[in-house]
There are 2 protein chains.
Amino acid sequence: MYRPYLDKLGITYPQYLVLLVLWEQDETTVKALGAELYLDSGTLTPLLKRMEDSGLIKRERSKEDERRVMVRLTTKGEELKEEASIIPDAMAANSGLSKEEFKKALTGFQQLLDHIHTVNDKK
Amino acid sequence: MYRPYLDKLGITYPQYLVLLVLWEQDETTVKALGAELYLDSGTLTPLLKRMEDSGLIKRERSKEDERRVMVRLTTKGEELKEEASIIPDAMAANSGLSKEEFKKALTGFQQLLDHIHTVNDKK
DNA sequence: GTTATTTAAGTTGTGCACAATTTAATTTTA
DNA sequence: TAAAATTAAATTGTGCACAACTTAAATAAC
């Protein structure tokens, strides 16, 4: 579903998720990215490294707290936003659901995901 | 969510999916498994090999058509069915949804999945 | 001020998941 | 009957995803 669109942009689906977060808030930490996307650092570190190698982001250890790594968009990363803007509607169109049903489904998925992670964290 | 239950049985989630299919129909082909689970042979071949190494299944090339590999349960694989029978209810309980909502959600997921693969196959 | 605890990121190991390609077998076509 | 086309599984390459562990930095406790 996503792949033909993402191949055009030269990114993978998890990279697209990272960009979605960064397009909304320009700079974040690895920890915050992990919390937002439910991904742990074993997944994020190599993922972000590849994105940095592609020139989409820049990583830099925080001077305030050296345990933290700040992640920010490059100009190239910002520029992808426009090209990627057609993807949500294309996914909705391919889903076989109406726009309203699609939005409802996304909300339901997010709620279920949030709940599952809450339950997992309690164990 | 699944992992604590599956760790007890000594299997992974994709292996559990394969077993779900085999518990219903004792023997199948790699091709049919792939169609049922939307997994391609690059994923299935190593997955089934590990299951065979664990003694859960047996693989054998069909004498009728040597392109096909038949996959069947072993006694050990059959025995896991009983232990695994609590998993669906446990997942429903952990989902934060009622039993009815949970069933409805599964049906919705399956329909969406089927549709997405139909769309993908057309491309 | 020092030690213990907690936190954030990174590493290692393992199991997928899929695209593309290869190999071998079967079916179709001429 | 032989060649071409199609099919099924396997292999190769790459990108995750997560558990467990390690390292380094910051915070809490004494």
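Everything numeric in this text was worked out from a predicted model, so none of it was measured. Heavy atoms only: backbone and side chains are in, while hydrogens, waters and symmetry mates are out.
The CG atom of A:L113 sits 12 Å away from the P atom of D:dA17 (whole-angstrom rounding). Going from atom CE of B:M1 over to atom C1' of D:dC18 covers 16 Å, rounded to whole Å. Protein atom CZ of B:R50 is 13 Å distant from nucleotide atom C1' of C:dG13, rounded to whole Å. Distance CZ (A:R61) to P (D:dT23): 15 Å, rounded to an integer number of Å. Summarising the geometry, the separation between CD1 on A:I11 and P on D:dC16 is reported as 10 Å, rounded to the nearest angstrom. Rounded to whole Å, atom P of D:dA8 lies 8 Å from atom CG of B:D65. Counting to the nearest Å, the P atom of D:dA8 and the CD atom of B:E66 are 15 Å from each other. Atom C1' of nucleotide D:dA8 and atom CG of B:L39 are separated by 16 Å, given to the nearest angstrom.
Of the residues near DNA chain C, B:H117 and B:E64, the one whose nearest nucleotide (by heavy atom distance) lies more toward the 5' end is B:H117. Comparing A:S41 and A:L17 against DNA chain D, the residue whose closest nucleotide sits nearer the 5' end is A:L17.
When heavy atoms are screened at a 4.0 angstrom cut-off, A:D40 is found touching base atoms of the nucleic acid. Contact annotation for A:L44: no contact, since no heavy-atom pair falls under 4.0 Å across all strands. Among the protein residues, B:T43 comes within range of the nucleic acid bases, having at least one heavy atom under 4.0 Å from a base atom.
When atom types are taken as modelled, the side chain of A:E52 and the backbone of A:R59 share a donor-acceptor pair closer than 3.5 angstrom. Remark: side-chain polar atoms of B:T74 are paired, donor with acceptor, to backbone N or O of B:L56 under 3.5 angstrom. Listed for the B:K76 side chain is a donor-acceptor partner under 3.5 Å among the backbone atoms of B:S54.
By the rule that hydrophobic residues join a cluster once side-chain heavy atoms approach within less than 4.5 Å of another member, B:I86 and B:L97 end up as members of one cluster.
Out of C:dC18, C:dA9, D:dC16, the shortest distance to the side chain of A:T29 is found at C:dA9. Here the nucleotide nearest the side chain of B:T45, chosen from D:dA9, C:dT11, D:dC16, is D:dA9. Nearest to the side chain of A:R67, among C:dT7, D:dC18, C:dA9, sits C:dT7. Closest approach to the B:L47 side chain among C:dA9, C:dC16, C:dA19 is made by C:dC16 (side chain taken as heavy atoms from C-beta onward). Among the nucleotides D:dC18, D:dG15, D:dA8, the one closest to the side chain of B:K31 is D:dA8.
Contact between the side-chain N/O atoms of A:R59 and the OP1/OP2 oxygens of C:dG10 is found at a separation under 4.0 Å. Within the 4.0 Å cut-off from OP1 or OP2 of C:dC16, at least one side-chain nitrogen or oxygen of B:T12 is found.
Relative orientation of the B:Y16 and B:W23 rings is perpendicular, given thresholds of 30° and 60° on the angle between their planes.
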